[in-house]
Amino acid sequence: MVLGSELEMQTGSTPEQSEYRSDSELLKNLNPQQAEAVTAGWGPCLVIAGAGSGKTTVLTRRIAYLISEMNQEAETILAVTFTNKAAQEMKNRIEKIVGWQTARKTVIGTFHSICARLLRYDIEEYTTPEGHKLKSNFVIYDETDSLSLMKGVISRLNLDEKVFVPREMRYAISALKNDGFTAQLYAQEAKSYRESRLSEIFLAYQADLARNNAMDFDDLILTFTQVLKTCPGVRNRHHYRFRHILVDEFQDTNRAQFDLIRMLAEPAEEVLGQDPWTERTLMVVGDVDQSIYSWRKADYKIMLSFQNDFKPARLIKLEENYRSTATILDVANSIISNNSERIDKVLRCNRDKGGKVQCFEAQDEIDEAYYIVEELKRLTARGRTLKDCVLLYRTNAQSRALEEVLVRNHIQYTIVGGTRFYERQEIKDVLGYLKLIYNPADGQSFNRVINVPRRGLGKTTLDRVNQYAIESGISPIQACLEAETIRDIAGKTGKSLKEFGEMVNRWHMLSKSIPVSQLLDTLLKETKYIDKLQEDANSSKDELALGRIENVRELIAVAQEFEKSADEPDLDSFLTRISLVSDLDAVREGEDSVTLMTLHAAKGLEFPVVFLSGLEEGLFPHMRSLDSETAMEEERRLMYVGVTRAEDSLYLTLARKRMILGRGPAGGSGFTSNYTVPSRFLREITPGLLAGYYPPPAGERRQEIEQDDPFVQGGGWGQAPSRGGGYQNNNNYGGGNSRPNNYGGGGNYGGGNSRPTNYGSGGNSRPTNYGSSGNSRPTNYTSSGNSRPTNYGGGGYGSNNSYGGGAQRSGSSQPPAKPRAMRMDPNAQPPAKTQHSKENSAPVSFERLAVGDKVQHAKFGIGTVVQVIGDQDKELYNVEFDEAGRRLLDPRFAKLIKTT
DNA sequence: GATGGAACAGTTGTG
DNA sequence: CTGTTCCATC
Ligand SMILES: Nc1ncnc2c1ncn2[C@@H]1O[C@H](COP(=O)(O)OP(=O)(O)OP(=O)(O)O)[C@@H](O)[C@H]1O
């Protein structure tokens with residue numbers, strides 16, 4: 001779906017003039033079952049089908065068909081997708097068929113975004129079962145907000161945080177909400193002591209949310225459903241508007257979501273003598289084998305009982321896979337057939353056999369990343385683009401090693417998910433201001449920003465203000481205005497509070513008349529937020545400060561972009577949108593980069609080339625799924641999802657050793673991690689389908705050497721890869737050592753096919769320390785246009801102090817961040833590991849620059865050095881380019897020519 | 001009330 | 001390893 005479909009290719013880009021004028025055009029290329037689904041008549045319809053069988057394609061065309069062939073108004077259509085991105089894609093495609101004017105009237109989005117949008121209109125008519133009322137300017141609390149709210153609740157109830165762990169309580173309540181329980185309803189159910197306490201917490205938590213005029217994510221769906229249940233007028237209005245409801249990825253629907261669908265699809269009261277499905281449709285599509293969100297209370301049984309819940313429901317099965325090669329499908333099927341809880345289904349392959357699936361066992365996670373990077377280079381040299389490729393992994397933490405090696409090899413990448421833009425401290429600060437301006441009752445945001453930047457208003461004052469606010473039943477902002485009358489507050493403090501309150505009030509007024517970006521400008525100026533960050537940067541107090549400034553600027557850019565494109569560019573929709581967006585890092589047009597994401601995030605997508613990394617017991621399948629058969633089956637479905645993302649080529653990789661949280665799982669000394677066990681999923685694959693590596697039979701354990709001296713281990717492994725019995729196992733680590741990250745030793749990553757990629761330069765089998773272990777990193781790593789003979793780090797990444805300037809992204813949104821910011825900013829450079837940099841610092845040959853120097857750069861043009869960061873020999877230059885804005889560059893990579 | 005450093009805790013996935 | 005919380009000190 002990321003790639004152009006046949007649909008797009010046929011229509012070209014004629015936005016208003018549809019080329020689909022006849023039903024035969026819309027049905028073109030569809031197989032009979034697909035056509036049946038697209039053209040189905042009134043009533044409920046369930047489409048069950050395996051991966052890549054065109055479910056989403058069918059859903060999209062169905063919408064177009066409803067509009068252009070069945071003469072349904074666009075505004076009667078409500079389509080639910082799993083992600084915002086999928087919604088956007090669906091909108092784009094429909095727009096191409098029916099034109100923008102029509103397409104924009106459809107409602108397409110995730111459950112959360114749809115509910116948020118509709119709730120704004122209807123919420124004031126509603127009183128919660130607990131007796132609370134919310135106003136239409138409610139804000140949406142993210143996990144952090146709701147967790148800190150929860151902490152407050154637990155301490156206020158005098159409960160022990162050790163016994164009632166806030167995180168767990170949050171989680172339990174989230175689960176209850178997803179199962180359709182309101183606090184009120186659960187209060188009737190709770191029996192045991194713990195349940196009763198949980199119920200108390202639940203009630204108090206909801207009361208707190210209401211006092212802040214806020215909802216958490218789960219509330220969006222639950223509350224909207226409640227509104228429909230309790231306000232028949234509202235329900236009927238929506239029921240008669242949305243006569244066509246479509247849901248994608250229905251297997252991952254939870255009870256609360258299903259209730260919502262039902263509320264919308266069924267009338268408040270049945271009209272006698274009339275078929276409720278006249279001119280109404282409900283189409284849900286899904287694949288039980290791709291149900292991977294049970295931890296969010298999704299339940300595929302909801303899909304299986306669809307025909308019972310919606311009586312005359314028609315069932316359509318799609319059985320032809322158009323996406324993957326036969327080999328890839330065989331791999332997927334051989335794995336998923338190990339699940340017992342499933343309904344067997346047919347999935348015929350529509351494509352050629354394709355090549356074998358490449359499997360590779362690396363020494364460690366860095367080695368694994370290098371293998372992937374080398375393959376990427378090979379593939380791109382043969383005409384693939386980076387955009388064709390995706391790197392998938394089970395846990396977000398795994399992206400680090402991959403990023404590090406990608407950066408070092410100057411390969412552009414885009415991370416989806418992970419640490420999100422909107423969760424970064426500085427963004428949350430600024431958004432905190434916006435939320436508070438929008439909804440002055442928002443205590444969480446108030447607490448967040450009251451002392452940011454420092455205003456000399458600390459915890460004591462904050463507590464007093466909050467207490468006063470609660471006692472007098474007013475908002476914290478109102479309390480600030482009355483600060484001078486609060487006892488125990490000193491005159492000076494009171495004045496600061498009053499000033500703060502007045503400032504926010506003023507902005508609140510202002511927000512109704514000026515655009516969001518101007519409001520942002522104003523508040524950043526008046527609070528001196530950026531100035532303070534700049535000071536931090538200058539005094540190197542906060543080495544991330546520059547990146548933060550850049551991120552704040554990015555937020556302003558987002559706001560400006562929003563004002564241009566949104567239907568209603570007000571603060572309200574800006575905040576709603578931002579609270580619900582998950583990944584700002586959508587792949588940029590025209591920018592070639594490889595995508596990195598978790599398996600979960602990959603659901604519904606497809607890529608010509610897929611790398612699936614970390615196939616190790618405990619990681620994938622994840623540790624927490626090892627002792628439950630149900631959980632294990634879900635892991636297996638996740639594996640199935642991963643494999644079936646691939647169109648042409650699939651790579652499976654694992655590492656013999658892996659660092660987790662800085663040490664090996666049950667680690668010995670320092671960097672000794674225990675050896676991993678290959679994932680059971682590998683063994684479930686029919687052997688003949690894999691090339692390169694096949695795991696040893698179950699019982700046979702890997703040879704483990706318990707040694708404190710890691711070098712002894714290293715030598716040992718070079719000679720003893722005693723496994724793979726019978727299958728290809730040509731990985732040659734001969735003479736190598738297993739020190740992390742040392743590729744010296746002439747190891748050949750050939751797998752089965754002797755590719756000429758040589759990682760070693762004939763090194764040194766037993767280095768004595770990281771830094772000076774004989775320059776084993778050959779220069780030919782930098783094949784992508786950079787052939788300078790710089791030593792990229794001697795023996796290992798541990799000693800590397802170059803940051804891969806070539807990985808600068810060209811998009812304007814790339815916040816150049818300092819190396820340590822990598823966690824925050826996935827696109828930034830990797831951490832500087834300086835432990836042995838002294839012995840190792842490579843001779844550099846670049847022109848030293850100073851602040852104020854004018855420089856020229858091939859891509860970014862002319863600029864001025866505004867800052868030099870880091871010690872000599874490691875310095876980076878922060879350059880303000882006339883055209884390209886501010887960039888952080890490593891002179892060892894980026895060619896910076898001094899000009900006058 | 002701010003600050004820096006020590007101690008501690010987390011370790012699956014997302015809207 | 002890394003982010004958060006707690007505590008002593010200014
Ligand atoms: N009739 C067809 N002829 C040719 N290609 C098709 C046909 N139907 C679907 N495809 C292609 O097959 C691919 C998979 O389609 P789609 O993403 O809709 O499948 P899906 O069932 O939603 O997959 P998943 O379950 O993995 O989300 C797409 O590239 C789509 O363009």
Side-chain angles (χ1 to χ4, degrees), chain A residues 80-87 109-116 140-144 146-148 151 161-162 165 167-168 171 174 177-178 215-221 249 252 254 256-257 291-298 392-398 400-401 416-420 422-423 425 451 453-462 490 492-493 496 541-542 544 576-583 597-603 614 618-626 631 634-635 637-638 641-642 658-667 670-671 673 820 822-824 831 833:
Chain A
V80 184
T81 59
F82 205 74
T83 63
N84 292 306
K85 200 166 141 207
T110 62
F111 275 111
H112 292 91
S113 71
I114 291 169
C115 289
I140 300 162
Y141 275 1
D142 65 15
E143 239 131 76
T144 326
S146 84
L147 186 65
S148 79
K151 282 180 183 159
E161 285 211 357
K162 293 269 170 348
V165 184
R167 266 178 54 121
E168 288 171 9
Y171 183 80
S174 169
K177 288 179 178 175
N178 284 325
M215 286 194 207
D216 65 19
F217 279 133
D218 309 310
D219 281 335
L220 291 172
I221 293 161
E249 309 282 9
D252 276 323
N254 62 38
Q257 293 164 340
S291 165
I292 53 175
Y293 280 88
S294 73
W295 49 278
R296 249 166 61 183
K297 288 271 150 178
L392 303 178
Y393 36 81
R394 178 66 235 268
T395 66
N396 277 310
Q398 286 168 259
R400 282 204 89 177
V416 176
T419 312
R420 297 167 192 176
Y422 298 110
E423 277 166 22
Q425 191 194 109
N451 204 25
R454 305 260 116 90
R455 289 189 185 89
L457 302 168
K459 190 169 184 314
T460 322
T461 310
L462 194 58
K492 191 160 152 277
T493 314
S496 303
K541 243 198 232 157
D542 179 356
L544 307 177
T576 305
R577 173 128 126 206
I578 276 180
S579 305
L580 295 172
V581 124
S582 58
D583 43 13
M597 62 176 113
T598 63
L599 286 153
H600 282 90
K603 188 168 79 159
L619 186 61
F620 190 26
H622 196 268
M623 234 153 32
R624 311 235 305 217
S625 306
L626 293 181
E634 179 148 321
E635 293 283 314
R637 293 194 292 270
L638 193 55
V641 169
R658 189 177 294 274
M659 297 273 214
I660 291 163
L661 283 139
R663 50 189 55 211
F671 45 89
S673 58
R820 286 211 46 214
M822 191 178 83
R823 267 316 270 280
M824 266 178 42
K833 305 273 175 83

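In this text, all values refer to a predicted model and were calculated from it rather than measured experimentally. Computed over heavy atoms, backbone and side chain alike; hydrogens, waters and symmetry mates excluded. Order of the sequence lines fixes the chain letters, A, B, ..., with proteins taken first and strands second; residue numbering starts at 1 for each chain.
The distance from atom CG of A/Leu147 to atom C1' of B/dG10 is 13 Å, rounded to the nearest whole Å. Atom-to-atom, CD of A/Glu249 to C1' of B/dG15 comes out at 14 Å; the value is rounded to the nearest Å. Taking atom CZ on A/Phe111 and atom P on B/dT14, their separation rounds to 19 Å, with Å as the unit. Atom-to-atom, CD of A/Gln398 to C1' of C/dC1 comes out at 16 Å; the value is rounded to the nearest Å. In this entry the distance linking CD of A/Glu143 with P of B/dT12 reads 13 Å, nearest Å. Protein atom OH of A/Tyr171 is 11 Å distant from nucleotide atom P of B/dT12, rounded to whole Å. A straight line from CG of A/Leu638 to P of B/dG13 spans 11 Å, rounded to a whole angstrom. Spacing between atom CD of A/Glu161 and atom P of C/dT4 amounts to 16 Å, rounded to whole angstrom units.
Judged by distance alone, the side chain of A/Asn178 and the main-chain N or O of A/Asp218 form no donor-acceptor pair under 3.5 Å.
Ring-plane geometry between A/His600 and A/Tyr293 is classed as perpendicular, the angle between the planes exceeding 60 degrees on a 0 to 90 degree scale with a lower cut at 30.
The nucleotide whose nearest atom lies closest to any side-chain atom of A/Arg167 is, among B/dG15, C/dT5, B/dG10, B/dG10. The side chain of A/Arg400 lies closest to C/dC1, out of B/dT14, B/dT12, C/dC1. Between B/dG15, B/dT14, B/dT12, one nucleotide has an atom nearer to the side chain of A/Ala601 than all others, and that is B/dT14. Comparing B/dG13, C/dT5, B/dG15 by their nearest atom to the side chain of A/Asn396 picks out B/dG13.
A/Lys151 comes within 4.0 angstrom of sugar-phosphate atoms only, judged by non-hydrogen atoms across all strands, and of no base.
Qualifying side chain to side chain contact (heavy atoms under 4.5 Å, CB included) partners for A/Arg455, counting only residues two or more places apart in sequence or in other chains: A/Tyr433, A/Asn451, A/Pro453, A/Leu457, A/Phe500, A/Met503, A/Thr527. Among residues two or more places apart in sequence or in another chain, the side chain to side chain contact (heavy atoms under 4.5 Å, CB included) test is passed with A/Ser294 by A/Glu634.
A close approach under 4.0 Å does not occur between any side-chain nitrogen or oxygen of A/Thr395 and OP1 or OP2 of B/dG13. Remark: A/Arg296 is not in phosphate contact with B/dT14, judged by side-chain N or O atoms under 4.0 Å from OP1 or OP2.
With rounding to the nearest 0.5 Å, the separation of CD in A/Glu161 from CZ in A/Arg167 is 13.0 Å. Atoms CZ and OG, on A/Phe217 and A/Ser579 in that order, are 7.0 Å from each other to the nearest 0.5 Å. Rounded to the nearest 0.5 Å, atoms CD1 (A/Ile221) and CE (A/Met215) are 11.5 Å apart.
Mapping A/Glu635 and A/Phe217 onto DNA chain B via the closest heavy atom, the residue that lands nearer the 5' end is A/Glu635.
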Provide a list of protein-nucleic acid N or O atom pairs under 3.5 angstrom, restricted to nucleotides 1-5 of chain B.
residue, atom, partner, partner atom, Å
B/dG1, OP1, A/Thr461, OG1, 2.4
B/dG1, OP2, A/Thr460, N, 3.3
B/dG1, OP2, A/Thr460, OG1, 2.8
B/dA2, OP1, A/Asn451, ND2, 3.3
B/dA2, OP1, A/Gly456, N, 3.3
B/dA2, OP2, A/Asn451, ND2, 3.2
B/dT3, OP2, A/Arg454, NH1, 2.5

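Ring-to-base geometry does not place A/Tyr293 in a stacked arrangement with B/dG13 (centre distance under 5.5 Å, plane angle under 30° required).
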